[in-house]
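Below you'll find the structure, written out as structure tokens, and then a few comments.
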Amino acid sequence: MNVIKVMILDDEVLAIRHLNHLIPWGEHGFEVVAETTYPQQALELFRKYRPQVIFADIRMPGMDGLEFSKSVLQTDIPVHIVLLTSYKEFDYAKEAVKIGVFDYLLKHELNPDELIAVLQRIRRELEDLEQKEILIRRQLFYDLLKGTEPTHEQTRLLKNEGKRHGNQFVFLLMGSNVPIPVIPFMLKEPRTEPFLINEIPFETGFHCLSVLPLEQQQWGVILAVLKPYSYLQAHNETMAMVRFLQQTYKVQRGETASVTISPLFHELTDLHRIYVGCERIVRHSPFFDKESIIEPDIVPEKAAELRAEIRQYVSRAAAQLDLHQAEQVCLMITEAFADIIKRLHLEAALLLCRELAVLLDSFRVKRGIKRLEEQLKEEVEATGNWFTFVQVAQWFQQMFSEAVREAEEILNKRYSWKVRQTMNQIREKYQEALTVESLAEELGISGDRLRHLFKQETGMTVLDYLIQIRMEHAKKMLRDKRLKVYEIAEKVGYKNSQYFSQVFRKMVGVNPLVYAEGKRVADEMEN
């Protein structure tokens, strides 16, 4: 336990002084925080300092110890009262015990050993009570966070809790800085180390009511504000408190956490509403640096729908990737993430990560490169670049650049220079009216020579490769759903949309309209 606060009330100054010097209070875990000779003033000091133990004389003018005890106990603020009495007041003292006074001591026989024995009993009882209260309070707070309506008895406990601490509270939601789920199979199991706050620096002006482990590596911290502050003071004190918690978290668990701070609230029954608001905000921590303190008004209440824009970004990247234009792909990734980070759109950012991962894996498979899953299993530390969306963007840029480089190396080993040049020309000019002769002319060889080389090295004709490239672009445009079939036909090099549809059906198995509708239904089912 922390130091136990004590108040002494006696109408004789010498009696207070004697009790004060009878033992070294601090060595036994106690501190005399207030003393007075006036019972009325003692009531004010009790409300101000909230001592857990009061030593009070029975015989005092104006208000005796029994009346004073009744007044204190009626506040419902937990306290242990020890009355100081003489022989002739013995029956009176026993009556006081019946109303809830903890014990009584005989003044003229009081010695250090007896006083220490009483204090030890009080400490044990307070510790037992504290453990029970922690369990009861924790379950109550869990229920409140889930939105469970408190019972009448729970409401009474909450009101007492509010009275005890001054009815001013702050809720902090701490979220571990865990890797973004870019590739789910790569993510590590969450850490299981506990997070405990053993002692809060006194100067922060807070009392920790509970630390609650929640789902998704989150921790809720309920703080009572013990002092009245101006707005600026409250903000500074809260920030200092959060930094203390972040440092404690790092020491105990070996990882960092971002924190969101609730506005000041006055009713503990508001915890569910407060928690929902904070949870929405702390989920956006990947938009910020690790160990961020996220203010509630930074994250917009509702973000615009960006799904169509994400698909456009990815379609552009796919087209550039087919041409092995790594630099253009990286610029597109920078643009897409910058747009989403500016809008703080969490769902759009996660969708972009998934779409880019699928595109990257598909490109690697088509180019005969090791699948992304196999590659990442060899890179154990890959998730170390996934804590913020800025890091994720940089990781994707690196991965796409490496994939294009590997694809170029494979092509260099597999095909001759003339065949590679033909493939590059087709990927760049597929929209034009290309012929084998025009492509061969660029290489300085005959059309028949190019047909023979291309078939020999790739296993397909030049025309087959041209159709393949055109159909890949056509499928992307059909998935985009913004263009009509005849417009897509023109964009991939066909003047006649009917002929385009025949070629598409032969290559894909269904006509363009059926393909587009099928992708629409599949997307809706996925969404």
Side-chain angles (χ1 to χ4, degrees), residues 314-332 359-371 399-480 483 487-509 512 515:
V314 176
S315 293
R316 282 169 48 199
Q320 293 156 352
L321 199 58
D322 280 337
L323 302 176
H324 290 196
Q325 296 175 342
E327 186 175 342
Q328 295 302 316
V329 174
C330 290
L331 288 174
M332 190 287 307
L359 176 62
L360 178 59
D361 194 45
S362 174
F363 175 80
R364 294 172 69 95
V365 171
K366 286 180 181 178
R367 298 301 188 273
I369 307 171
K370 192 183 300 181
R371 289 196 70 105
M399 293 299 292
F400 274 104
S401 295
E402 289 180 2
V404 170
R405 178 181 55 77
E406 288 186 51
E408 291 286 350
E409 289 178 358
I410 290 171
L411 283 176
N412 290 339
K413 292 176 182 176
R414 183 183 301 173
Y415 304 127
S416 64
W417 178 84
K418 290 182 174 62
V419 170
R420 291 202 311 274
Q421 284 295 99
T422 302
M423 288 178 165
N424 289 338
Q425 287 290 316
I426 290 173
R427 287 200 298 268
E428 290 177 10
K429 301 177 180 179
Y430 67 92
Q431 297 169 306
E432 301 176 13
L434 296 176
T435 64
V436 175
E437 278 66 26
S438 65
L439 291 167
E441 187 179 348
E442 291 282 338
L443 301 172
I445 60 176
S446 68
D448 288 340
R449 176 62 178 160
L450 178 59
R451 289 186 185 90
H452 175 74
L453 283 175
F454 202 92
K455 179 71 173 178
Q456 184 182 47
E457 293 186 27
T458 67
M460 67 174 75
T461 67
V462 175
L463 180 59
D464 287 341
Y465 185 75
L466 173 61
I467 292 172
Q468 177 182 304
I469 295 298
R470 284 175 170 175
M471 293 306 108
E472 285 180 4
H473 284 281
K475 286 191 284 186
K476 287 169 189 167
M477 293 180 202
L478 286 166
R479 287 197 293 268
D480 193 75
L483 299 174
E487 293 174 318
I488 294 173
E490 289 180 2
K491 284 185 174 294
V492 295
Y494 294 95
K495 301 297 183 184
N496 187 310
S497 62
Q498 186 175 358
Y499 178 64
F500 161 72
S501 296
Q502 291 173 356
V503 174
F504 189 93
R505 181 184 180 86
K506 183 178 179 181
M507 286 287 296
V508 181
Y515 177 85

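Just so you know, these numbers come straight off a predicted model, no measurement behind them. One is the number of the first residue; the rest follow in order along the sequence.
Counting only heavy atoms from C-beta outward, the side chains of Val492 and Met477 approach each other to under 4.5 Å. With a 4.5 Å cut-off on side-chain heavy atoms, Lys475 and Met507 do not count as touching. By the 4.5 Å heavy-atom criterion applied to side chains, Lys366 and Glu472 are counted as neighbours. Between Gln468 and Met460 the shortest side-chain heavy-atom distance falls below 4.5 Å. For the pair Tyr494/Ile488, no side-chain contact is recorded, criterion being any heavy-atom separation below 4.5 Å from C-beta on.
Salt bridge Asp322/Lys476: present, at least one basic N to carboxylate O contact under 4.0 Å. A salt bridge links Arg405 with Glu409: at least one charged nitrogen is closer than 4.0 Å to a carboxylate oxygen. Salt-bridge check for Lys413 with Glu408: failed, with every basic side-chain N at 4.0 Å or more from each acidic carboxylate O.
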### Query
Given Arg449 and Leu453, is the side chain to side chain contact (heavy atoms under 4.5 Å, CB included) satisfied, shown in steps?
CA-CA 6 Å; Arg449 176 62 178 160; Leu453 283 175; 3.7 Å; yes
### Message
For Lys495 and Glu490: C-alpha separation, side-chain torsions, deciding distance, then whether side chain to side chain contact (heavy atoms under 4.5 Å, CB included) applies.
### Response
CA-CA 6 Å; Lys495 301 297 183 184; Glu490 289 180 2; 5.7 Å; no
### Message
Using the rule given for side chain to side chain contact (heavy atoms under 4.5 Å, CB included), can you reason through Thr458 versus Tyr465, listing the C-alpha separation, both sets of side-chain angles and the distance that settles it, and then say yes or no?
### Response
CA-CA 9 Å; Thr458 67; Tyr465 185 75; over 6 Å; no
### Message
Let's go through Asp361 and Lys370 carefully: what are the C-alpha distance in whole Å and the side-chain angles of both, what is the deciding distance for salt bridge (charged side-chain N to carboxylate O under 4.0 Å, His left out) to 0.1 Å, and is it a yes or a no?
### Response
CA-CA 9 Å; Asp361 194 45; Lys370 192 183 300 181; over 6 Å; no
### Query
What's the verdict on side chain to side chain contact (heavy atoms under 4.5 Å, CB included) for Thr435 and Val462, showing C-alpha distance, side-chain angles and the deciding distance?
CA-CA 9 Å; Thr435 64; Val462 175; over 6 Å; no
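Across Ile469 and Tyr430, no two heavy atoms sit closer than the pair CG2-CB, 4.0 Å. Taking both residues in full, the closest heavy atoms of Val365 and Arg371 are given as CG2-NH1, 3.6 Å, listed atom of the first, atom of the second, then distance. When every heavy atom of Leu434 is checked against every heavy atom of Lys429, the shortest pair comes out as CD1-O, 3.3 Å. The shortest heavy-atom contact between Leu360 and Ala403 is CD1-CB, 3.9 Å. Nearest heavy atoms, Leu359 versus Ala317: CD2-CB, 3.9 Å.
Between the Arg364 side chain and the Ile369 main chain, no donor and acceptor come within less than 3.5 Å of each other. In this structure, the side chain of Arg367 does not engage the main chain of Val404 through any donor-acceptor pair within 3.5 Å. Between the side chain of Ser501 and the backbone N or O of Ser497, at least one donor-acceptor pair lies under 3.5 Å. With hydrogens and angles ignored, the 3.5 Å screen pairs a side-chain donor or acceptor of Gln431 with a backbone N or O of Lys491. Using modelled atom types, one side-chain atom of Glu457 and one backbone atom of Ser416 make a donor-acceptor pair closer than 3.5 Å.
Annotation for Glu487: atom CD counts as buried by contact number, over 12 foreign heavy atoms lying within 6.0 Å.
Taking the centre of each ring, Phe363 and His324 come in below the 6.0 Å mark.
To the nearest 0.5 Å, atom CG of residue Leu450 and atom NZ of residue Lys418 are 10.0 Å apart. Atoms CE and CZ, from Met471 and Phe504 in turn, are 7.0 Å apart once rounded to the nearest 0.5 Å.
Using modelled atom types and a 3.5 Å distance limit, the side chains of Arg505 and Tyr515 yield no donor-acceptor pair.
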